[in-house]
Amino acid sequence: MAIPDSKKIYPRGEDKQTVYLKNVITNPNIEVGDFTFYNDFVGDPKDFEKNNVLYHYPINHDKLIIGKFCSIACGARFLFNSANHSLRSLSTYPFPIFYEEWEHGIWADKAWDNKGDIVIGNDVWIGYEAVIMAGVTIGDGAIIGTRAVVTKDVPPYTIVGGVPAKPIRKRFPDDVIDQLLRLKWWNLPPEKILPMIKDIQSGNLQGLAALAEESL
């Protein structure tokens, strides 16, 4: 049995709409884990950091961090701090970024509120045209619904949807979530995960746990 290769760009042979995202990223402020994929049936998925990571200006040093085994649907977007015009100002007009016109000596990064990095956990599914805002952390195993706008942190294994996104339900009971977070199967090497696929797909937590413990 062949071992899955996380270094491929196209994991599905002739399918050029799906890429392993880690292998097409060049921006040092974007970190992506192994086997996370992005599918784009409108544009070129290799252009993810240009088309989907927006207002991500180097002056802020903010980061997009995405874990392993995430599924990112077409049109999902990550909006960074430069999209947030400052609410501390008496005007929302971004005078600081036009300092050549409105000379005042204030650096451009004063034009917006800095809410921090965007951090996506492992095994997260982000639906079609969902929007993730700056400063948001999404926990392991979460699901982001189609066209949801996520403005607040999402707990692990929670399904959210809507504008703004709100919790719909947890995917599993708390004891199952706790065990999955302890197992962290996504951190095992591919050859160890391969025998677990049947148990993962069928929802056999006991079988998954037994194989994971054997792998330690």
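If you're wondering where the values come from, they're calculated on a predicted model, not measured in any experiment.
- The hydrophobic cluster containing Leu64 also contains Val136, counting ILVMFWY residues as joined when their side-chain heavy atoms lie under 4.5 angstrom apart, directly or transitively.
- The environment of NZ in Lys166 is sparse: at most 12 heavy-atom neighbours from other residues, nucleotides or ligands sit within 6.0 Å.
- Put simply, CG on Asp62 and OG on Ser82 are 6.5 Å apart, with the number rounded to the nearest 0.5 Å.
- Linking ILVMFWY side-chain heavy atoms closer than 4.5 Å, directly or via other members, places Val32 and Phe48 in a single hydrophobic cluster.
- Phe35 and Tyr20 have perpendicular rings, their planes meeting at more than 60° on a 0 to 90° scale where under 30° would count as parallel.
- Taken to the nearest 0.5 Å, the CD atom of Glu31 stands 8.0 Å off from the CG atom of Asn29.
- At least one donor-acceptor pair closer than 3.5 Å links the side chain of Asp113 to the backbone N or O of Leu87.
- Atom OG of Ser202 is separated from atom CG of Leu208 by 9.5 Å, given to the nearest 0.5 angstrom.
- What you find for Ala212 and Leu183 is that their closest heavy atoms are CB-CD2, 3.8 Å.
- A salt bridge is absent between Lys7 and Asp5; no separation between the charged side-chain nitrogens and carboxylate oxygens falls under 4.0 Å.
- The neighbour count for Tyr55 OH, taken as heavy atoms of other residues, nucleotides or ligands under 6.0 Å away, does not exceed 12.
- For the pair Pro45 and Thr18, the tightest heavy-atom approach, listed with the atom from each and the gap, is CG-N, 4.2 Å.
- Between Ile177 and Lys170 there is a side-chain heavy-atom pair separated by less than 4.5 Å.
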Between Lys46 and Tyr38, does a side-chain hydrogen bond (donor to acceptor under 3.5 Å, both in side chains) hold up when you go through it step by step?
CA-CA 9 Å; Lys46 297 196 304 297; Tyr38 173 60; over 6 Å; no
Can Leu79 and Val131 be said to form a side chain to side chain contact (heavy atoms under 4.5 Å, CB included), step by step?
CA-CA 7 Å; Leu79 267 61; Val131 176; 3.9 Å; yes
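- Side-chain contact between Trp185 and Ile200 is present, with at least one heavy-atom pair separated by less than 4.5 Å.
- Dense packing is recorded around NZ of Lys16, with more than 12 heavy atoms of other residues, nucleotides or ligands lying under 6.0 Å away.
- Side-chain contact check for Val53 versus Ile30: some heavy-atom pair is nearer than 4.5 Å.
- The shortest heavy-atom contact between Ile3 and Pro190 is CG2-CB, 3.8 Å.
- Ile65 and Val24 end up in different hydrophobic clusters when Ile, Leu, Val, Met, Phe, Trp and Tyr side chains are linked at under 4.5 Å.
- Using a 4.5 Å heavy-atom cutoff, the side chains of Ser86 and Thr92 are not in contact.
- Of all heavy-atom pairs between Val124 and Gly139, the closest is CG2-O, 3.3 Å.
- Of the possible donor and acceptor atoms, one in the side chain of Asp40 sits under 3.5 Å from a partner among the backbone N and O of Gly43.
- A salt bridge is absent between Lys68 and Asp123: the closest approach of a Lys/Arg side-chain nitrogen to an acidic carboxylate oxygen does not fall below 4.0 angstrom.
- Panel note: side chain Asn23, backbone Ser6; a donor-acceptor pair is recorded below 3.5 Å.
- To the nearest 0.5 angstrom, Glu49 atom CD is 4.5 Å from Ile25 atom CD1.
- A distance-only check finds no donor-acceptor pair linking the side chain of Gln179 to the backbone of Leu205 [under 3.5 Å].
- The side-chain heavy atoms of Asn204 and Lys198, taken from C-beta on, include no pair separated by under 4.5 Å.
- The heavy-atom pair separating Asn52 from Ala76 by the smallest distance is ND2-O, 2.8 Å.
- Here the side chains of Ile72 and Ile66 are in contact, with some heavy-atom distance below 4.5 Å.
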For Gln17 and Phe41, run side chain to side chain contact (heavy atoms under 4.5 Å, CB included): C-alpha distance rounded to whole Å, both residues' side-chain angles, the deciding distance at 0.1 Å, then the answer.
CA-CA 6 Å; Gln17 295 181 349; Phe41 52 80; 3.6 Å; yes
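- Taking the side chain as every heavy atom from C-beta outward, Ile193 and Phe69 approach each other to under 4.5 Å.
- Salt bridge absent: Arg182 and Asp178 never bring a charged side-chain N and a carboxylate O closer than 4.0 Å.
- Linking Ile, Leu, Val, Met, Phe, Trp and Tyr residues whenever their side-chain heavy atoms come within less than 4.5 Å places Trp186 and Val176 in a single cluster.
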Just do the side-chain hydrogen bond (donor to acceptor under 3.5 Å, both in side chains) check on Asn60 and Asn81 with the steps written out, would you?
CA-CA 8 Å; Asn60 292 321; Asn81 290 291; 6.0 Å; no
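- Considering only heavy atoms from C-beta on, His56 comes within 4.5 Å of Asn27 through its side chain.
- If you chain together hydrophobic residues whose side chains sit under 4.5 Å apart, Met133 and Val119 never meet in one group.
- No donor-acceptor pair closer than 3.5 Å links the side chain of Ser71 to the backbone N or O of Trp125.
- Considering all non-hydrogen atoms of both residues, Ile144 and Ala130 come closest at CG2-CB, 3.9 Å.
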Before you tell me yes or no, could you show the steps for Ile132 and Ile138 under side chain to side chain contact (heavy atoms under 4.5 Å, CB included), namely the whole-Å CA-CA distance, both residues' side-chain angles and the distance that decides it to 0.1 Å?
CA-CA 9 Å; Ile132 316 298; Ile138 297 175; 3.8 Å; yes
Before giving the answer on side chain to side chain contact (heavy atoms under 4.5 Å, CB included), spell out for Phe80 and Ile118 the whole-Å C-alpha distance, their side-chain angles and the decisive distance to 0.1 Å.
CA-CA 8 Å; Phe80 273 86; Ile118 296 175; 3.7 Å; yes
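- Between Glu129 and Arg77 there is no salt bridge, since no side-chain N of the basic residue sits under 4.0 Å from a carboxylate O of the acidic one.
- A side-chain donor-acceptor contact under 3.5 Å links Asn122 and Asp140.
- No donor-acceptor pair under 3.5 Å is formed between the side chain of Arg171 and the backbone N or O of Ile159.
- Taking the six-membered ring for Trp and thresholds of 30 and 60 degrees, Phe172 and Tyr157 have ring planes inclined between 30 and 60 degrees apart.
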